[in-house]
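The structure appears below as structure tokens.
Just so it is clear, the structure is predicted and the values come from calculations on it, not from any experiment.
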Amino acid sequence: MDLLDRRLMKVAEDMERSQMAEYVELLNRPLSLIWRNLLAGTARGVGIAVGFTFFAATIVYVLQMLGALNLPIIGDYIADIVRIVQHQLDVKTY
């Protein structure tokens, strides 16, 4: 009986550590679950937008630097890409 009691206490401790009760409580309150998921999705979307903006700006900056080197074939190609991007940034269609 002592072995069963110790095993039961270990299972209870493991369940408490896994926060199963908080998860079940969250599932019983759907508005709270929706609110948390909405906040998480918004934060994820903002993070992706900021990250992509930084990445795109870095790529454009590197392309401009490579275009300034006046490499024969690559320079013309990169200059065309930079011109296209600059034109798209200058012309706002919305």
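- A distance of 9.5 Å separates CZ in R44 from OG1 in T42, rounded to the nearest 0.5 Å.
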Determine, step by step, whether F54 and V50 satisfy the side chain to side chain contact (heavy atoms under 4.5 Å, CB included) criterion, reporting the C-alpha distance in whole Å, the side-chain angles of both residues, the deciding distance to 0.1 Å, and the verdict. CA-CA 6 Å; F54 178 75; V50 169; 5.6 Å; no
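- Looking at heavy atoms from C-beta onward, I59 lies in side-chain contact with F55 at the 4.5 angstrom threshold.
- Counting heavy atoms from C-beta outward, L8 and L4 have side chains that stay 4.5 Å or more apart.
- Results of the side chain to side chain contact (heavy atoms under 4.5 Å, CB included) test with V60 over V85, L89, I81 single out V85 as the only residue that passes.
- In terms of the side-chain contact (heavy atoms from CB on, under 4.5 Å) criterion, residue partners of D14 (sequence neighbours excluded) are, by chain and number, K10, R17.
- Checking Q64, H87, M65 one by one against V82, the side chain to side chain contact (heavy atoms under 4.5 Å, CB included) holds for a single residue, Q64.
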